[in-house]
Amino acid sequence: MKKDLLLLAIPALAAGMAACTSSKAEEGSPVKVHWEAINLPLDSTEVQTYEQTFTLTGKLGNVNRLCFNHFSRPMTLEDPVDTLIELLPGYYAIGSPRLIAAADGDTVVFKILTRSALTATSYTPDAMHTVLADGRTEGVDITRSEMTRCKYGYSTDRIDKMPYGDVVYAFNESLAAPDAGVYDVVPSFKNVELTGGESSVNPAEAVYKVLENPSHDGEYRITVAGGKMTVEAPEAQWEQLRRRISHFYGEEVRVLPDAVITDWPSLPYRGIMIDIARNYQKPEEMRRVLDLMAVYGLNTLHFHCVDDEAWRVQIDALPELVEVGSRRGYIPEGATVDYLPQIYSGDGNPETLSGTANGYFTRADYIDMIRYADSLGITVIPEIEAPGHARASIQAMAVRARRTGDDSWLLRAADDDTSFESAQNFHDNVMNPTLEGPYKLFDIVADALIDMHKEAGVPLKAIHIGGDEVAHGAFVNSPTVKALMEKEGMKEEKEVHAYFVNRLREMFDSKGVKIAGWQEIALGHSEEYNKATVPSTYSVNCWSTLGRNKTIVDEIAAAGYPIVLSNVEHFYLDMIYSLHPDERGLTWGVPTDEFVALAGYPSRLCTVAGANIAGIQGQVWAETIRGPQNLEVMLLPKMTGLAERAWNPDSTYSAAQFNRVLQAEPARWVKAGYAFHVRQPGIRLLDGGAKFTVNSSYDNSVIRYTLDGSMPVASSPEIKPGQEVSCADAAQVRATQWVEGIPSVVSIVNK
């Protein structure tokens, strides 16, 4: 019914269009949209409903529709003449006769009642574009009110979780500690023996030698004495050590205490997962990520390049994978196109390459990346998600089947059930394990990946097959799956999942490549399955370990799998830094900063004696990522806590000591051109609220304030930690701090 109403309101679309093209807005006259949320409930015990307003101005005379992406929520337009439809889970279109009748220079306001909690800025609408009368799409300029300016906008759920200034002040006080020493770095050295005296050395001129008879894998020794620095290590580690030493000690002559430093990593797998499927990162940014990994001793890049929302690596034998799977845009109802619907980001145009919606690694790009990673001592594990999270693969192979007339390429059957719902609200994202299409796909893709690694001179150690979040009900209502279950005597869907993994494992065994996967490939299966699968498994990422799932790591460890601790409560780096609504990131897990990652001790996350803990990995899922800066802010400084814990899993710095060690890092990040996150300053009221003072957890921050409720800017008055300032109304006090020119979110008073 909603679809019919919308099409009645938009005759040009009702007439039908074969495809979507795009045009740029005329220079100087784009459509502008300002978003704001009002009437957010505070301390409400009822179901939350708030109002979103979209104010459209500018060149409206040719606009028929406004489309946008938004995490899927129940939404209703306030004006009954307006219509709202969900084109795809999380992709919406607004139509209205008011919009069609608008002229250039007019203003049109849409008000949407939304049933949900508005937890943070990342849960606001994004990727807006218009659809013109002739069917073309056009990007818009978007502005948003700060969440702290939205009426009642301090609530992040049904209770007020805003990190107010007094809480931050107390936290900053807890971080007081002596200054770090010159040999206090991240990750920390295992042993530093000061030998007396000091030397003027140039770290860039250090002498590198092969370490004889190391006692530990990856062991190295740094000796500062006699006016020189000598580094002894396996030759494969030299380049990474050069990066680390250059980062911490520079490339000019400096005076260092004479010392012998002996160090090694305690865990063999120290990883970062970067999701370029949901939002794309270009090869040059991935190279910058690899540089950071080298600095902090991380040695495994889990390259998440395939998911529901995109396929990002070129496979020559299957061109549809990137032709369809790496392009997203607006798709009119009923149209047949060779690209995916827009989600998370974009301007409606599948050809736009300036953002994060579209793009892929060419074969040459991928080869260059793994070769560069190898030069830094970093292993790349590509991930091809299956059988769930496979919508991009399914859609691409459907196009191939249509082009070739060969249905054996299909990954789902025409009569497969679509009543299930995945974690991301999809109904058609699970491969059918009884078809040959999925195995044809993996056979070709695995060979292509093996070939690329061979050309790079870097053996492929494993292919990550995903295996997570297969929606309940995705298998059991498929006629062919039902037949398989009856034939094999299967009682549960997990047995169908095991069947799929077994077939891939056998295929990969024949190619000499191991499998990796998320916890679901190793959880709750039969002893027979485990016996066959464990020897072929490179790693299992244990991730969903909150609440009732807290025993999952132990269960998988008891089955003998090599475990990579990827726990959401410590190592999901895409989570929001704090529950401040202006912070970017997701909120479904645990707010995560460098100290939360630092506290992820393996002994607390797995209690099975003799467990095969291969390592630790941080995840950066890309739902909220809109470019390289967003990615780097999620990595820095969170990845420093991760790196410390992966290198030294048992004993290390306290949070206060760690904070002191990190004081020198922002200047180094700025010098290298990286974006990073800055924590907010603390505020403490004095004299019953007639005065206030501030503090910071940084040595070199600039704190500025306002007294009228406006947001501090670079020209606002400065206040030094400990300085007292009078205020007429403490509730209107705002404070923001800048570190190396990068601002924090605003702090407000809890009043």
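If you read the sequence from its start, that first residue is 1, and numbering goes on from there.
- Without hydrogens or angle criteria, Asn299 side chain to Arg270 main chain gives a donor-acceptor distance under 3.5 Å.
- Side-chain contact check for Thr545 versus Lys550: every heavy-atom pair is 4.5 Å or farther apart.
- Atom NZ of Lys440 sits in a crowded spot, with more than 12 heavy atoms from other residues, nucleotides or ligands closer than 6.0 Å.
- Within the 4.5 Å cutoff, no side-chain heavy atoms of Asp347 are placed close to those of Thr137.
- Between Leu441 and Leu321 the shortest side-chain heavy-atom distance falls below 4.5 Å.
- Although no hydrogens or angles enter the test, the distance criterion places no donor-acceptor pair under 3.5 Å between the side chain of Arg584 and the main chain of Ile625.
- Of the possible donor and acceptor atoms, one in the side chain of Tyr280 sits under 3.5 Å from a partner among the backbone N and O of Tyr360.
- The only option from Glu623, His129, Gln342 that meets the side-chain hydrogen bond (donor to acceptor under 3.5 Å, both in side chains) definition with Asn69 turns out to be Gln342.
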Margin query: As a quick check of understanding, evaluate side-chain contact (heavy atoms from CB on, under 4.5 Å) for Asp308 and Ile343, giving each step before the final call.
Written below: CA-CA 10 Å; Asp308 287 320; Ile343 191 166; over 6 Å; no
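- Ring geometry for His525 against Tyr529 counts as tilted: the plane angle lies between 30° and 60°, on a 0 to 90° scale.
- Residues Ala277 and Ala310 approach most closely at O-CB, 3.2 Å, considering heavy atoms.
- Counting heavy atoms of neighbouring residues, nucleotides and ligands inside a 6.0 Å radius, atom NZ of Lys511 exceeds 12 of them.
- A pairwise comparison of heavy atoms in Val380 and Ala373 identifies CG2-CB, 3.7 Å as the closest pair.
- Here the side chains of Glu320 and Trp409 are not in contact, with every heavy-atom distance at 4.5 Å or above.
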Check: When you look at Val306 and Val313, which way does the side-chain contact (heavy atoms from CB on, under 4.5 Å) test go after all the steps?
Finding: CA-CA 8 Å; Val306 176; Val313 173; over 6 Å; no
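- Applying the side-chain hydrogen bond (donor to acceptor under 3.5 Å, both in side chains) test between Asn477 and each of Asp417, Asp415, Thr418 identifies Asp417 as the sole match.
- Using a 4.0 Å cut-off between a side-chain N of Lys or Arg and a carboxylate O of Asp or Glu, Arg391 and Glu309 do not qualify as a salt bridge.
- When Arg400, Arg327, Arg402 are each tested for a salt bridge (Lys or Arg N to Asp or Glu O under 4.0 Å) with Asp338, only one passes: Arg402.
- Nearest approach of Gly325 to Leu340, heavy atoms of both residues: O-CD1, 3.8 Å.
- Ring orientation note: the planes of Phe71 and Tyr123 are tilted relative to one another, at an angle of 30° to 60°.
- Taking 4.5 Å as the limit, every side-chain heavy atom of Val590 sits out of range of all side-chain heavy atoms of Met575.
- Separation of the His497 and Trp518 ring centroids does not fall under the 6.0 Å cut-off.
- Counting heavy-atom neighbours within 6.0 Å of Glu527 CD, excluding the residue itself, gives a total of 12 or less.
- Ion pairing between a basic and an acidic side chain is recognised when a charged N comes within 4.0 Å of a carboxylate O; Glu506 and Arg503 show no such pairing.
- Nearest heavy-atom pair across Gly589 and Val568 is CA-CG2, 4.1 Å.
- Side-chain contact check for Asp275 versus Val620: every heavy-atom pair is 4.5 Å or farther apart.
- Centroid-to-centroid, the aromatic rings of Phe361 and Tyr366 stay 6.0 Å apart or farther.
- Between Phe500 and Phe442, the two ring planes are perpendicular [angle over 60°; tilted spans 30° to 60°].
- Heavy-atom contacts from other residues, nucleotides or ligands closer than 6.0 Å to CD of Glu528 number 12 or fewer.
- Under the side-chain hydrogen bond (donor to acceptor under 3.5 Å, both in side chains) test applied with Asn541, the options Gln519, His464, Gln619 reduce to a single match, His464.
- Taking the charged nitrogens against the carboxylate oxygens, Asp365 and Arg312 have no contact shorter than 4.0 Å, which rules out a salt bridge.
- By the 4.5 Å heavy-atom criterion applied to side chains, Pro459 and His453 are not counted as neighbours.
- When side chains are defined from C-beta on, Arg115 does not count as touching Met75, because their heavy atoms never get closer than 4.5 Å.
- No donor-acceptor pair under 3.5 Å is formed between the side chain of Arg412 and the backbone N or O of Leu435.
- Between Tyr92 and Phe68, the angle of the ring planes stays under 30°, which puts this pair in the parallel group of the 30/60° scheme.
- When all heavy atoms are compared, the tightest approach of Thr124 to His70 is C-CD2, 4.2 Å.
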